[in-house]
Amino acid sequence: MLQIKNLTKVYEGGVQALTDVSFEVPEGQFLAVIGLSGSGKSTLLRCINRLVDPTSGQILWNGEDITAATPDEMRRIRRRIGMVFQHFNLVHRSKVITNVLAGRLGYTNPAWSLMNRFPKEDVDKAIQQLERVGIADKAENRADELSGGQQQRVGIARALMQDPQMILADEPVASLDPVLAHSIMKHLEEINKTDKVTVLCSLHFLDLVHRYADRVIALNEGRVVFEGSPKEIDDKKFKDIYGRDAERVG
Amino acid sequence: MQKNNKPSILKSLRLGAIVLLVMVVLAYGFEITQVDLTELRSETRINSLVRVTRALARPELIEYDQQEEIINAPIHVPCPVGGGQVKGEVPNTQQPYLVLTPSCGNPGDTIQVEGYNFSPNTEGPLRFIPGNDPGNTVSLGRDIVETDQTGHFIANLVLPDRLSDDNQYIRATLRRNVGSPHLTQTAKDTWDKIVETVFLALLATIAGTIFAVPLSFLAARNLMKPVRNSVTNIALTVIGWPVGMAIGYLAVQFVSNVTAPIAANLAVIIASVVVTPFIVVYGVRWALPERDIRTPPLWLRLVRGVVMILVVLASIFGLLQLAALVANIGNALSGVLGPFAFLGNFLFQISEILRVLTPALGALAAGGALGSFFGGIGQRSSERLPVTTVKILNLLLMSVAGALVLGLLGALVEWLYQIDRPLYTLWIPMAVGGGLGLFLAITTKARDTLPTGMVIYTITRTLLNGLRSIEALVMAIVFVIAVGIGPFAGVLALGLHTIVSLGKLYSEQVESIMPGPLEAIEATGANRLQTIIYGVVPQIVPPYISYTMYRWDINVRMSTIIGFVGGGGIGFLLQQNINLLNYRAASAQMLAIAVVVASMDYISSMLRERYV
Ligand SMILES: Nc1ncnc2c1ncn2[C@@H]1O[C@H](COP(=O)(O)OP(=O)(O)O)[C@@H](O)[C@H]1O
Ligand SMILES: [Mg+2]
């Protein structure tokens with residue numbers, strides 16, 4: 001159970017990215033976060049694993065206060081939270097397998113990382129994850145030799161290496177074409193269903209939301225303007241979320 | 001378009017004023033840089049220019065062995081009283097001989113010298129051997145003669161102002177190249193020095209790179225900005241470092257003293273060099289488990305800590321033994337290797353470096369270990385303990401840390417200047433430091449974090465920028481004063497300059513890496529070290545290699561001239577020869593420099609193309 005309580009984030013320049021955001025995500029839910037760009041979706045997701053430090057408010061995960069965690073505790077919390085990014089965020093010049101193994105760093109003794117070593121079990125595990133997302137044959141390629149869809153699968157494999165209880169996906173399909181988008185979303189769905197991993201996924205297209213999400217949170221200028229099942233988004237709600245001039249497409 | 005080009009008095013005036021200003025600036029520049037083209041046109045300048053250019057065109061690289069035929073013919077200056085021809089040995093006409101007509105005269109008289117039976121096509125000078133000073137030879141001006149195919153020559157010469165009643169001589173020294181051409185001494189010296197030059201550049205580049213890499217991380221804003229530490233952490237880290245360094249240094253002394261008796265035995269040395277690595281590897285494997293799944297119990301952590309300390313002591317021992325072994329091998333080798341004795345010497349030097357470095361390494365390792373261990377304790381106490389306790393701890397520890405830092409600085413000043421007044425160099429600095437630390441602890445909240453990263457960043461940046469603005473040549477002068485004339489001073493100067501300029505260039509590369517992968521790796525729970533190794537390093541390897549090559553290029557260039565100020569390398573030879581007006585030798589060295597610089601440039605651009 002993830003509980004967000006009165007979360008507010010003001011960036012250094014004075015931009016109010018989130019204002020008093022509160023909601024709860026039960027274990028194993030697939031939650032979509034929607035909103036215009038600039039509405040605070042990325043900020044919200046990054047506050048959950050403290051890539052961004054919230055200005056005020058509380059984030060409780062299984063009763064533990066993430067906002068009050070010390071650096072050591074944070075390392076332990078983060079390694080159970082996988083993250084998938086819009087621009088994949090792979091290390092281009094490293095091999096695919098190394099990128100996947102990086103997902104294991106939270107469990108690896110830093111002294112071993114200094115020697116660029118991973119335990120044998122982790123290397124095997126990395127191959128398994130690559131098989132799971134269907135690109136085991138690319139393990140030895142450099143990450144930037146892969147297409148966008150393949151890179152995102154590496155990103156998912158990296159998150160899976162963490163044995164995550166929760167995955168934060170920040171517009172994971174926004175830089176992919178629609179066909180690929182579905183294949184990536186299906187991987188997330190599969191992980192959500194088989195491994196019972198909670199997924200928080202920010203999305204642009206409503207049809208994806210309808211197709212994959214159990215529940216939706218909509219943000220507008222950093223405030224929650226809608227919370228409920230995807231089916232409940234009617235034309236009025238749609239205009240609340242995306243503004244008066246928005247037109248429904250698809 | 002049209003509007004902008006509208007003629008206006010004001011514009012023209014402004015143009016006129018600008019031209020005038022430029023003229024004034026140029027004129028002043030000519031004045032102070034003493035540009036004087038008439039100097040270039042003067043006869044003596046042109047003559048010496050021609051001479052120098054011709055010498056430069058004939059670098060002194062190859063020469064022949066020469067065979068000389070030296071023949072004397074007696075002459076009287078002035079003619080003996082009573083006149084007539086001089087009685088001398090009658091020349092042997094089977095051998096080369098000289099005929100002088102007349103065979104006596106007054107200073108200033110012109111006489112004819114004819115040579116017979118010399119080797120054909122040889123050349124050499126005619127000289128005058130004064131009677132009262134037979135060791136001397138007097139040059140007679142334009143006195144080079146050449147023989148024809150039959151070995152005959154005719155020349156006129158003017159008798160010098162050397163009056164003597166003794167027999168005096170005219171000497172013909174005709175020389176002929178024999179055998180195959182071979183390298184001159186100059187060429188050999190030049191080769192030696194050019195090798196020295198290249199290695200000077202190589203050492204400076206390697207040493208510079210090794211130090212520049214860690215510095216560049218400290219000077220990168222994007223890496224340092226997020227680093228903040230609690231006051232307690234900072235205080236304990238500051239205390240931990242020097243204490244740890246002292247302990248490390250003492251540990252090395254202790255180990256080397258304890259093991260000195262057994263270290264003399266070669267069998268023991270070999271055994272320990274072979275065994276220690278295993279002990280170290282297995283010790284480290286056990287004490288640092290690969291995985292970090294859950295925090296182990298306290299007793300296990302303590303045991304692991306003890307094992308790590310033992311491992312460190314064992315590796316110090318191993319290093320010392322290795323140094324001894326290498327020194328032995330080096331000594332043995334240099335006896336039997338003959339021309340490759342330098343390999344033995346190299347090993348010996350390596351062992352010396354090991355011996356010198358081991359205490360430093362031990363001190364640094366222990367300092368780092370204790371610093372971060374204390375820092376960790378500090379971090380945890382400031383998170384866990386009640387606020388008032390933390391506050392009191394901060395007050396105490398910060399005063400101690402401040403006193404320690406300024407006390408050490410004072411000790412350094414004392415050591416440098418030998419003031420010998422502990423009140424000023426020790427007690428007052430310690431009091432001030434303690435006061436500053438106390439002030440810092442009072443003005444911050446108990447659990448506040450301070451931007452240590454930015455402080456370190458600012459200090460590093462300032463140092464880099466400051467040192468970078470000092471030319472390598474100037475640094476060389478300073479080091480020549482410090483360690484004496486020679487290539488070592490050059491290595492130090494170039495090395496230091498390489499550290500600071502590469503540090504700056506590298507850090508700019510770190511600052512321009514893509515933040516995305518970094519964020520992704522941080523999100524997996526990786527700590528800072530891991531984030532740098534897996535997120536930063538792969539991104540900066542290509543630019544680092546390319547900057548290192550570029551610097552290598554610069555260092556080769558610099559090392560060719562650093563000898564001008566005594567920094568070793570070929571510049572020293574070049575400058576000497578220029579000062580001695582020995583332009584043909586200087587030309588050989590300039591040629592060598594050109595060849596080396598051009599080929600290094602080519603190699604490095606080739607490597608850069610291939611690997612970057
Ligand atoms: N690092 C930052 N510093 C300052 N402002 C930021 C930063 N990141 C995002 N913002 C601002 O915060 C607001 C929310 O941004 P973001 O969370 O990225 O929205 P979304 O992901 O929905 O597009 C925007 O106005 C954006 O300009
Ligand atoms: Mg975003």
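Scope of the values below: all heavy atoms of this structure, side chains included, with no hydrogens, waters or symmetry mates. Since we're looking at a predicted model, the values are computed, not measured. Labels below follow one simple rule: chain letters A, B, ... track the order of the sequence lines, proteins then strands, and each chain is numbered from 1.
More than 12 heavy-atom neighbours from other residues, nucleotides or ligands sit within 6.0 angstrom of CZ on A/Phe23. Within 6.0 Å of CZ on B/Arg528 lie more than 12 heavy atoms contributed by other residues, nucleotides or ligands. Within 6.0 Å of OH on A/Tyr11 lie more than 12 heavy atoms contributed by other residues, nucleotides or ligands.
Of the listed residues (B/Gly516, B/Ala526, B/Gly535, B/Pro517), the one with the most heavy-atom contacts under 4.5 Å to chain A is B/Pro517. Per-residue heavy-atom pair counts under 4.5 Å with chain B were compared for A/Thr108, A/Leu168, A/Asn49, and the maximum is reached by A/Thr108. Considering only heavy-atom pairs separated by less than 4.5 Å from chain B, the leading option among A/Ser113, A/Gly82, A/Ser94 is A/Ser113.
Side-chain contact check for B/Glu519 versus A/Arg46: some heavy-atom pair is nearer than 4.5 Å. Looking at heavy atoms from C-beta onward, A/Arg79 lies out of side-chain contact with B/Thr524 at the 4.5 angstrom threshold.
When atom types are taken as modelled, the side chain of B/Gln530 and the backbone of A/Leu105 share a donor-acceptor pair closer than 3.5 angstrom. A/Asn109 places a side-chain N or O within 3.5 Å of a backbone atom of B/Pro289 that can act as its donor or acceptor partner. For the pair A/Gln162 (side chain) and B/Gly525 (backbone), a donor-acceptor distance under 3.5 Å is absent.
Using a 4.5 Å cut-off between heavy atoms, A/Leu90 touches chain B through its backbone atoms (N, CA, C, O) alone. Of the atoms belonging to A/Gln86, not a single heavy atom falls under 4.5 Å from chain B. Residue contact with chain B, scored on non-hydrogen atoms closer than 4.5 Å, involves the side chain of A/Arg76 exclusively. Both the backbone and the side chain of A/Tyr107 have a heavy atom closer than 4.5 Å to some heavy atom of chain B. Using a 4.5 Å cut-off between heavy atoms, A/Arg80 makes no contact with chain B at all. Looking at A/Pro164, neither its backbone nor its side chain comes within 4.5 Å of chain B, counting heavy atoms on both sides. For A/Leu114, the parts sitting under 4.5 Å from any heavy atom of chain B are the backbone and the side chain alike.
Nearest heavy atom pair, residue B/Pro538 against residue A/Arg93, reads O-CD, 3.4 Å.
Among the candidates B/Asn527, B/Ile533, B/Leu288, the single residue satisfying the side-chain contact (heavy atoms from CB on, under 4.5 Å) test with A/Pro110 is B/Asn527. Evaluated for a side-chain contact (heavy atoms from CB on, under 4.5 Å) with B/Glu522, the options A/Arg75, A/Arg78, A/Met83, A/Met74 yield exactly one hit, A/Arg78.
A donor-acceptor contact closer than 3.5 angstrom is absent between the side chains of B/Tyr534 and A/Asn99.
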The test is side chain to side chain contact (heavy atoms under 4.5 Å, CB included); show your working for A/Val91 and B/Ile521 and say whether it passes. CA-CA 9 Å; A/Val91 181; B/Ile521 288 180; 3.9 Å; yes
A/His92 vs B/Met514, side chain to side chain contact (heavy atoms under 4.5 Å, CB included): CA-CA, chis, key distance, verdict: CA-CA 10 Å; A/His92 281 180; B/Met514 296 197 300; 3.9 Å; yes
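The CZ atom of B/Arg380 lies 6.0 Å from the CG atom of A/Asp72; values are rounded to the nearest 0.5 Å.
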